[in-house]
Structure formats: structure tokens, C-alpha cells
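Take a look at the structure set out below.
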Amino acid sequence: MKNVHEMKKILRGDYTALYLTKTKKILDTNKVKNLSMMRFTHFNKTPIYVCGLEHCAQFLKKVPGIFKVYGVKDGDKVEAGKPFLVIEGDYSKIAEYESVIDGILARESSICNHVKQVLKYIKPNQLIFMADRADLYLAQPYDGYAAWVGGLNIFTTKAHVELIEDKKVQVVGTMPHALIQQFNGNLNKALWAYHKTFPNEKLSALVDYHNDVTKEIRKIDKKLKPYIGSIRIDTSIRMCDKSLTNKPENYGVCKQLVINARKALDACDMKNVKIIVSSGFDISKIIDFVKSHVPVDCFGLGSSLVKVDVNVTGDLVYLNNKPEAKTGREVKIDHKDLNKLNIYI
């Protein structure tokens, strides 16, 4: 929450659901002041890796009347229904921020959890966070942070790493189809221009512009080869590469296309050139590629990593130190257990 303007908007309730703003007004008007305990849990079927607690704590520290905030650490694995953030204080002071907290925890936990799941099958240096065009740009710093907590360290924008204090993280960039288009569809001319502008960078050749990957690899200028570190295949799921038989399994970045690309690279004296794939990849497709030993060196993922599928809710469970909760949401919370958690405030 480094953006001061954003913090002010949160604190004055601009991002709060109206029924919670009205609840605060009712409690204040009727001078209702209770010591309440609110716990936040997720209801996914399996344990998940949670994230966003640090960002929630940052703005809660600015809220007068918050007594205690307990929680696990970002990146911890939590069972369904188990409290992972607990706020103790006057609910009239907390009410306005309930939905904001739900949203932060849901989004960042979703991203963290997706990255954790993907990295069970590939190494961190085999995954690029390409979610910048998959969602609203304002979310990039928090999305990048959540992905980093999940174990990812290669990103595509400076905003992705804005909240990360880790010298190991990288911001990388290959080339878009637009650059090739600007040189009349000539990959070699685009590569030479790239090399001229960034002479100290290894080139990454985008080889699907003409939907004929192996032919494009064979056309790469011999004088460019020493500067090429990788190729990227980004074939749309709606297209079948010209080198392949027109079958459903051959659409998009398919296994055989990558295998053919590897063979073409090896035959063209580019055995050390790596293969990056993007477009249409999610965890299931990565698992399939890994199990099939497809020669991919790096995967670029975007929308599948920022899909929000963690459901978080805050529930009031204690009132003036006595259990009081909605039926089905009751929980016994011992202060001894709370003190085992990270104390944020």
C-alpha cells in the first residue's frame, strides 16, 4: 500500500460495500461499542497457500481503534475453515474494511496458490509471469508480490516487482509480433534492430509470426545466431502451424510443434538456444508437457495465474469475550492459539 492516494481512499471507505458503510453509520449513530473478534477463513475444498496479510496489516495500522491483528505469514499453507487472520477490536471501527480485506486475501491467495501449484512441476526459472495484459494494470504490484510469495521470480513489468525486495527477481522482455510487423514481417530485420538497440542482451526470436515455426527458424541469419539465447512460440489456439497436419491436437502451441522446433534448432547449429512457449498455457497443459518430456525450457503464463478462485470471508465469532456467531460459522478461539500466530498489530 505504498500509494498514499490509494490508502486514503481505502480508509474513507471508497472501496467498501455500501451495506458495510451503512452498518458503521448505524453502530456509530446508536453508540454501539462492542469488543468483537472477526476471523477470516477460506472455504476451498483443499488447503491453500494464503497471501495478502502484509497488505491488509499495512492499512489496518492506520485505522484508529484496532486493538489486535493476528495472522499466519504470507505463503503459509492453511486448511479450509481454519482462521488465518483474526482482528480483535471495536467492530464499528472494523466494519468498513471487511470487504476490502476479503478481496485482498482472495486475489493474492489465488495468485500465490496458482504459482505454488505450477512450481510443483517446473522450476522457478522455467516460469515467466506474463499477466500484465490479463487484468487491470493497477493490480500489477500486488499480483507480482503474490506471485513472488508463491516462488516466482521472473516478471514482465517494473510494476510487478514494485513491492518486492529481492535482488534475485528479474524483469524480462522478448519481442512482440508488432515489432516484426514494423519490419514488414521480416524477423531477421527485427532481430538486427533489437541487437543494435540492446547489444548486451541475448535475443529471443518470436518465430510464429508467419505460422510456420520451423521454416522461420531455418531462415534466421547465420550472423545472428551467436546472439540468440532463445526462441518463443506463441501460436494461437485457433491456428495450426503450416508444418503440421490439420488435426485438433495440432492447434496452438502443441507438443509436436515444440519437438519440431527443437529439431530445427539443433539442425541449424542452435543447440544451445532455449525454447519459450506462451499462449493458452495453464497448469494442466504444463503437467501434460512435462509428463510427455516435451523439450520446453520456459513457460509464459498470464490469465491462468490471476484467476481468482479462492473464496475468503470474514465472520464475527466473539462479542465482548463471549462466543457469538452466525450458525455454522461458530469457532472457539483461544488467546493462547492466537499468540502462536504472527502479531501484526
Please determine, by modelled atom types, if [X] and [Y] share a side-chain donor-acceptor pair under 3.5 angstrom.
X	Y	result
N320	N34	yes
Y49	D74	no
E201	Y227	no
S243	D241	yes
T156	D132	yes
S99	T16	no

Taking the six-membered ring of Y19, is NZ or CZ of K22 closer than 6.0 Å to its centre and within 45° of its axis?
no

I'd like to check [X] versus [Y] (side-chain heavy atoms, cut-off strictly below 4.5 Å). Are they in contact?
X	Y	value
E98	I101	no
Y142	R107	no
L20	E96	no
Y70	E88	yes
N153	D166	no
K25	T29	yes
I345	L60	yes
R262	L265	yes

If you look at every heavy atom in [X] and [Y], which pair is closest and at what distance?
X	Y	answer
L206	I180	O-CD1, 3.5 Å
V149	C112	CG1-SG, 3.8 Å
L244	N250	CD1-O, 3.8 Å
C240	Y251	CB-CE1, 3.7 Å
Q140	A159	OE1-CB, 3.5 Å
Y91	L27	CD2-CD1, 3.7 Å

Any side-chain to backbone donor/acceptor pair from [X] onto [Y]? Under 3.5 Å, distance only.
X	Y	result
D28	S92	no
R39	K82	no
S110	D309	yes
N113	I48	no
N44	N311	yes
S36	L319	no
T245	K247	no
Q58	C56	no
N186	F183	no

Angle between ring planes, H195 versus W192, binned at 30° and 60°: parallel, tilted or perpendicular?
perpendicular

Kindly assign one of parallel, tilted or perpendicular to the pair F84 and H42, based on the angle between their ring planes and the thresholds 30° and 60°.
tilted

Sidechain N-carboxylate O distance under 4.0 Å for [X], [Y]:
X	Y	result
K307	D282	no
D315	R329	yes
K242	D208	no
D288	K255	yes
D234	R232	yes

Verify whether the ring centers belonging to Y97 and F59 lie closer than 6.0 Å.
yes

Are H160 and Y145 near enough that their ring centres are under 6.0 Å apart?
no

Is it the case that atom [atom1] in [X] sees more than 12 heavy atoms from other parts of the structure closer than 6.0 Å?
X	atom1	answer
N211	CG	yes
K33	NZ	yes
E324	CD	no
F43	CZ	yes
K274	NZ	no

For a salt bridge (charged side-chain N to carboxylate O under 4.0 Å, His left out) check, start with the C-alpha distance between D14 and K9, then their side-chain angles and the critical distance, and finish with the verdict.
CA-CA 5 Å; D14 290 14; K9 292 178 72 175; 5.1 Å; no

Atom [atom1] of [X] and atom [atom2] of [Y]: how far apart are they, to the nearest 0.5 Å?
X	Y	atom1	atom2	value
L191	L187	CG	CG	4.0 Å
S284	Q117	OG	CD	12.5 Å
E216	H210	CD	NE2	5.0 Å
E249	C254	CD	SG	8.5 Å

Could you check K123 against D297 for salt bridge (charged side-chain N to carboxylate O under 4.0 Å, His left out), going step by step and ending with a plain yes or no?
CA-CA 10 Å; K123 297 176 181 179; D297 297 289; over 6 Å; no

When you look at M37 and L338, which way does the side-chain contact (heavy atoms from CB on, under 4.5 Å) test go after all the steps?
CA-CA 11 Å; M37 185 180 288; L338 289 179; 3.9 Å; yes

For L257 and I233: C-alpha separation, side-chain torsions, deciding distance, then whether side-chain contact (heavy atoms from CB on, under 4.5 Å) applies.
CA-CA 9 Å; L257 182 57; I233 308 174; 3.8 Å; yes

Under 4.5 Å between side-chain heavy atoms, hopping through other hydrophobics if needed: is there a path connecting [X] to [Y]?
X	Y	value
I237	I283	no
I276	L119	no
I275	V172	no

Applying the side-chain contact (heavy atoms from CB on, under 4.5 Å) test to L152, which of L127, I128, N125, L301 qualifies?
L127

Let's go through I87 and F40 carefully: what are the C-alpha distance in whole Å and the side-chain angles of both, what is the deciding distance for side-chain contact (heavy atoms from CB on, under 4.5 Å) to 0.1 Å, and is it a yes or a no?
CA-CA 9 Å; I87 303 174; F40 291 81; 3.8 Å; yes

side-chain contact (heavy atoms from CB on, under 4.5 Å) between F289 and V258: does it pass, once the steps are laid out?
CA-CA 10 Å; F289 269 49; V258 177; 4.0 Å; yes

